[in-house]
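Since the model is a prediction, treat every value here as computed from it, not as a measurement.
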Amino acid sequence: MTKNKKLLAWVAEVEKMCTPDRVVWCDGSKAEYDRLMAEMVASGAAIKLNEEKRPNSFAFNSDPSDVARVENRTYIASVNKEDAGPTNNWIDPVELKKTMTELYAGCMKGRTMYVIPFSMGPIGSPIAKNAIEITDSPYVVCNMHIMTRVSTEVLRLIEKTDEFIPCLHSVGAPLEPGQKDVRWPCAPLEKKYIAHFTDENLIWSYGSGYGGNALLGKKCLALRIASNMARKEGWMAEHMLILRFTNPEGKQFHIAAAFPSACGKTNLAMLQSTVPGWKVETIGDDIAWMKPGPDGRLYAINPEAGFFGVAPGTAAYSNPMALAACAKDAIFTNVVVTPDLDVWWEDMGVKCEGGTDWKNNPWTPDMKDAEGKKIKGAHPNSRFTARAANCPVICPDWEDPAGVPIDIFVFGGKRTAVMPLVHEAFNFEHGVYMGATASSEATAASLDQAALRFDPFAMTPFIGYHAGDYLQHWFDMGDLLGDKAPRCFYVNWFRKTDDGKWLWPGFGENSRVLKWMCDRVEGKVGARETAIGLMPREGDLTLEGLNIPAADWAELMKVDKELFKSTLADAEKYLAAFGDKLPVRMKEQLEALKKRLG
Ligand code: GTP
Ligand code: SPV
Ligand code: MN
């Protein structure tokens, strides 16, 4: 409990509105975690995994309708519509509060209301934010234990500062007396709301129990609310991994990379370098908070304490360090549970005879649907929740409240065509253009028809204000940092041949590309100038030991001016929606690129 009047008043107000059966103040202790998990195992919501194979780990299956973030039910409810901009859904805050208050009325009936004090960032660090999530989901409480720092110390800090970010969450499924609960309570799509009242730093989430919809410290606080604060206060909240790359002489480079969801942040953050003597250590895999430090450089911290990582594709060959991170103390959501009570997912790199699939049905790998398509055992967005501290390559400085100085920004997305393996920006402003026009394919399943989505800085679903102002903020940060601004690069690991094979081996081999970037920063290698940016000269990016045919390498390094002209035209169309908020410098960059493309 707390003595803070503001917090007590808010909790009392929510209790009155949601009418839970009881209120529990969380302390973040192991005893609390164990107790909630034991209750969920007893109710059938959780499966305790094999203690020998997967110590202290649990599996959950969600409702089949509640499997990912719901962008079309996510709102930026700013007072002025203009402040939400073209990339966000907007509802007037007064109207949205009215709608949601009706939904919240009595919504926790039959349930326990948990009050979770948590910190994003190391507790007490000047860059950290204190917050409270109120939720009626014990699954959310346990995930928050791993993903954030839950502690009564946060209550003491709130008592001192009288400041916290209130985050209200309900699964939106009240229980009538005697009514038996389902395994994964949630509300139907049309009743789900993920709302951000950005003028008062308030988060209200209703109806979903999954991921970023429910773990409110993550996308809602650390990106949508924090991006607003960052803009006002002169810092940055970005959808970026943070890693340290150390060369054989011990020199450290810090890299922050923005790729859209499920485009390889977790993989790159934990990369096993194939360049002799160079090693990667992980600082964060999803979110970076960055502030200029006393020396004028940009310092980054990871506000999270765990990884909420995509399970499918996580294998010994692709990401052994992520596998190791979830070898114990982990929560798995929507994966296959095998008969010996371990977990499995597609492309895990191990054989599976079958088990119970994410929909709770008996499943074998040869099962097909009515159209003859293989039935997947794990949902494509199934996830593991793992403690960052359990990752064998976590950087010893990952919790340093001062952060790490960023040398390099990397932007990218999934593009099976057009975009080369790597190119460097001519300068920071050109880098902002690159990040602002980053694009990704919705799916790689259909090579020719894959829909392309522009995704500025991989932040489209997470910018908490007008996207035009957001781009301007990037330029402003560049002005502030001057010649100490990070160098900017654009990568694409996802080029394919016409018959659908990867052109680049990816994963650990991406270290070769990172090394080229570090060599550029150190001035050890030159570059060749192309219309779109600076690219590796023959031999500077070492391919030794890789079996890449010369024709494939040429394709990976090709700049097809005609294709780029058409991408540029699409970018112009996309950016037109930013209206008069499109920064002048973006227009200048567009014009300059047009000229270079001829
Ligand atoms: P969020 O947690 O959703 O923000 O995503 P993320 O960016 O952390 O995604 P993650 O690292 O889990 O991306 C997983 C997908 O990217 C899987 O399909 C991987 O197989 C694929 N992937 C990652 N790196 C590479 C690579 O170098 N080459 C290829 N071909 N695929 C890659
Ligand atoms: C993403 O979708 O970018 C994620 C997962 O990192 S979630 O936390 O659900 O947003
Ligand atoms: Mn993410």
Side-chain angles (χ1 to χ4, degrees), residues 255 257-260 263-264 408-441 450 452-458 471 474-475 478 485-496 503-504 506 510 512-521 525-541 543 551-576 582-598:
I255 302 179
F259 307 146
C263 286
I408 291 168
F409 277 143
V410 183
F411 312 121
K414 259 186 202 173
R415 292 293 303 270
T416 49
V418 186
M419 273 294 172
L421 180 66
V422 59
H423 63 292
E424 182 187 350
F426 296 118
N427 49 45
F428 192 82
E429 289 197 6
H430 181 222
V432 176
Y433 173 82
M434 276 182 178
T437 54
S439 54
S440 205
E441 280 154 25
L452 199 65
R453 140 150 146 167
F454 282 98
D455 191 355
F457 300 93
L471 298 188
W474 264 89
F475 286 116
R487 292 270 282 268
C488 299
F489 295 82
Y490 195 105
V491 300
N492 180 21
W493 316 135
F494 299 94
R495 284 295 298 274
K496 282 190 173 177
L503 274 171
W504 176 249
N510 294 335
R512 296 168 188 263
V513 179
L514 299 188
K515 176 180 182 290
W516 180 73
M517 295 175 187
C518 295
D519 286 346
R520 286 288 300 148
V521 168
V525 295
R528 84 191 147 86
E529 199 169 322
T530 74
I532 60 164
L534 302 164
M535 294 181 66
R537 291 182 315 199
E538 203 60 44
D540 281 347
L541 199 162
L543 299 178
D552 282 7
W553 181 247
E555 194 56 40
L556 280 165
M557 284 291 132
K558 191 159 113 186
V559 178
D560 184 322
K561 286 193 176 181
E562 291 313 308
L563 287 177
F564 267 96
K565 273 186 205 166
S566 93
T567 300
L568 176 76
D570 293 340
E572 259 186 320
K573 250 184 259 157
Y574 168 75
L575 292 169
L582 184 67
V584 174
R585 282 187 268 186
M586 272 300 290
K587 291 181 208 155
E588 289 167 3
Q589 288 291 332
L590 278 165
E591 287 312 312
L593 176 57
K594 217 177 272 176
K595 251 198 214 128
R596 292 197 301 271
L597 287 170

What distance separates [X] [atom1] from [Y] [atom2], expressed to the nearest 0.5 Å?
{"X": "Leu421", "Y": "Asn510", "atom1": "CG", "atom2": "CG", "answer": "7.5 Å"}
{"X": "Leu541", "Y": "Arg512", "atom1": "CG", "atom2": "CZ", "answer": "8.5 Å"}
{"X": "Arg520", "Y": "Arg487", "atom1": "CZ", "atom2": "CZ", "answer": "5.5 Å"}
{"X": "Leu575", "Y": "Leu582", "atom1": "CG", "atom2": "CG", "answer": "5.5 Å"}
{"X": "Leu568", "Y": "Lys561", "atom1": "CG", "atom2": "NZ", "answer": "12.5 Å"}
{"X": "Leu471", "Y": "Tyr433", "atom1": "CG", "atom2": "OH", "answer": "11.5 Å"}

Contact between [X] and [Y] at the side-chain level, heavy atoms closer than 4.5 Å - yes or no?
{"X": "Phe454", "Y": "Asp570", "answer": "yes"}
{"X": "Phe494", "Y": "Phe259", "answer": "no"}
{"X": "Ile532", "Y": "Tyr490", "answer": "no"}
{"X": "Arg415", "Y": "Leu452", "answer": "yes"}
{"X": "His423", "Y": "Val559", "answer": "no"}
{"X": "Met517", "Y": "Val422", "answer": "yes"}

| message | Set out, in order, the CA-CA distance, both residues' side-chain angles and the distance that settles side-chain contact (heavy atoms from CB on, under 4.5 Å) for Trp504 and Asn492, then state yes or no. | response | CA-CA 9 Å; Trp504 176 249; Asn492 180 21; over 6 Å; no

| query | What are the two closest heavy atoms between Phe564 and Val418, and how far apart are they? | reply | CE1-O, 3.7 Å

| request: Can you label the angle between the Phe411 ring and the Phe457 ring as parallel, tilted or perpendicular, going by 30° and 60°? | output: perpendicular

| request: Step by step, work out the side-chain contact (heavy atoms from CB on, under 4.5 Å) result for Thr567 and Thr437. | output: CA-CA 9 Å; Thr567 300; Thr437 54; over 6 Å; no

| request: Would you please name every residue forming a side-chain contact (heavy atoms from CB on, under 4.5 Å) with Ala417, sequence neighbours left out? | output: none

| Of the options Lys414, Arg453, Met419, which is the one that meets Ser440 in a side chain to side chain contact (heavy atoms under 4.5 Å, CB included)? | Lys414

| request: Please say which of Glu529, Met557, Glu424 ends up in a side chain to side chain contact (heavy atoms under 4.5 Å, CB included) with Met535. | output: Met557

| message | Looking at Glu588 and Arg585, is any side-chain nitrogen of the basic one under 4.0 Å from a carboxylate oxygen of the acidic one? | response | no

| request: Would you indicate whether Lys587, at its atom NZ, is surrounded by more than 12 heavy atoms from other residues, nucleotides or ligands within a distance under 6.0 Å? | output: yes

